Amino acid sequence: MSFGHLNHGKNAPEEVAIVTGPSSDIVEFESGGAIVAGQVVRLDTSATGSAIASTIVQGAADGLAIGVALEAAAGAGEIVRVCIGGYIEGVASAAGPIVGETLYAAGSGTVDDSDAGATEPPVGVALTAESGNGFVSLYWFRKY
């Protein structure tokens with residue numbers, strides 16, 4: 001289920017390490033394993049039944065990247081807020097994207113600016129350049 005930016009019922013936004021904007025869409029999912037905040041997450045196809053649509057794991061595969069984890073999970077069964085659309089700061093970056101570049105989800109849970117041989121659909125656009133710290137701010141494209 002989708003929640004408004006300030007209406008998610010857990011910790012206040014300032015207690016979440018990843019920063020999102022007022023028009024960002026935040027949804028709660030159940031973790032299917034350990035997840036690092038700021039990493040791209042995807043739907044967990046090892047889950048069964050309707051749990052496939054409500055369980056996430058870190059990384060990207062076959063176009064199933066759903067968003068960026070706003071908090072960490074130590075293991076399976078934890079509730080994790082995920083930004084599925086809008087502005088996100090502190091997203092792990094595999095390469096050095098520059099402002100305006102289209103970003104793709106990489107299997108490692110990072111975003112990548114390389115479209116050479118990309119098998120994933122574009123997930124967003126870089127709003128800041130990655131300046132050697134391994135993180136970028138981006139606008140995640142909504143999938144609905």
Side-chain angles (χ1 to χ4, degrees), residues 1-47 50-115 118-144:
M1 72 179 65
S2 183
F3 299 91
H5 178 65
L6 298 175
N7 193 20
H8 42 69
K10 287 184 75 177
N11 297 333
E14 61 272 8
E15 295 173 328
V16 177
I18 309 303
V19 178
T20 58
S23 63
S24 298
D25 288 332
I26 300 170
V27 178
E28 290 182 340
F29 290 92
E30 184 174 321
S31 63
I35 293 173
V36 176
Q39 298 278 329
V40 174
V41 292
R42 67 176 178 86
L43 298 174
D44 183 4
T45 56
S46 70
S50 64
I52 292 173
S54 62
T55 307
I56 56 168
V57 292
Q58 190 168 299
D62 303 326
L64 296 173
I66 193 75
V68 175
L70 300 181
E71 51 205 354
E78 295 185 33
I79 299 300
V80 176
R81 286 177 290 186
V82 176
C83 183
I84 64 164
Y87 176 77
I88 316 168
E89 281 181 23
V91 180
S93 173
I98 60 173
V99 174
E101 281 190 313
T102 301
L103 300 173
Y104 302 84
S108 61
T110 60
V111 291
D112 192 344
D113 64 345
S114 172
D115 61 357
T119 58
E120 293 290 314
V123 295
V125 62
L127 299 176
T128 62
E130 189 269 312
S131 56
N133 64 358
F135 297 97
V136 67
S137 295
L138 61 81
Y139 187 91
W140 188 275
F141 299 143
R142 288 172 172 84
K143 291 191 175 187
Y144 54 86

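A quick note: this is a predicted structure, and the numbers were derived from the prediction, not measured.
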task: List in chain and number order the residues that pass side chain to side chain contact (heavy atoms under 4.5 Å, CB included) with F135, two or more places apart in sequence or in another chain; answer none if no residue qualifies.
output: A92, N133
field: Contacts of type side chain to side chain contact (heavy atoms under 4.5 Å, CB included), residue V91, not counting sequence neighbours
entry: V68, I88, V111, V136, L138
- prompt: side chain to side chain contact (heavy atoms under 4.5 Å, CB included) with S54: which residues, sequence neighbours excluded?
  reply: A51
field: Y87 side chain near S23 side chain, heavy-atom distance below 4.5 Å
entry: no
message: Looking at every heavy atom in both T128 and S137, which two are closest together, and how far apart are they?
response: OG1-N, 2.9 Å
query: For the atom pair OG1 (T20) and CD1 (I26), what is the distance rounded to the nearest 0.5 Å?
result: 4.0 Å
- prompt: If you look at every heavy atom in A126 and I98, which pair is closest and at what distance?
  reply: CB-O, 3.4 Å
Show me the side-chain donor-acceptor pairs of residues 33-45 shorter than 3.5 Å, one per line, residues at least two apart or across chains.
residue: D44; atom: OD1; partner: S46; partner atom: N; Å: 3.0
residue: D44; atom: OD1; partner: S46; partner atom: OG; Å: 2.6
residue: D44; atom: OD2; partner: S46; partner atom: OG; Å: 3.3

message: Show the nearest heavy-atom pair for residues I84 and F29, with the distance to one decimal.
response: CG2-CE1, 4.2 Å
- prompt: With V99, which residues qualify under side chain to side chain contact (heavy atoms under 4.5 Å, CB included), at least two apart?
  reply: none
Nearest non-hydrogen partners of L103 and P97, listed with the distance: CD2-CB, 3.7 Å
- prompt: What distance do Y139 atom OH and S24 atom OG have between them, rounded to the nearest 0.5 Å?
  reply: 7.5 Å
statement: Scanning both residues in full, the closest heavy-atom pair of V80 with A72 reads CG2-O, 4.5 Å
query: How many angstroms lie between NZ in K143 and CG in L64, if you round to the nearest 0.5 Å?
result: 7.5 Å
message: Donor-acceptor check, side chain of E71 to backbone of R81, threshold 3.5 angstrom: yes or no?
response: yes
field: Shortest non-hydrogen contact from A65 toward V123
entry: CB-CG1, 4.4 Å
- request: Would you please name every residue forming a side-chain hydrogen bond (donor to acceptor under 3.5 Å, both in side chains) with S31, sequence neighbours left out?
  value: none
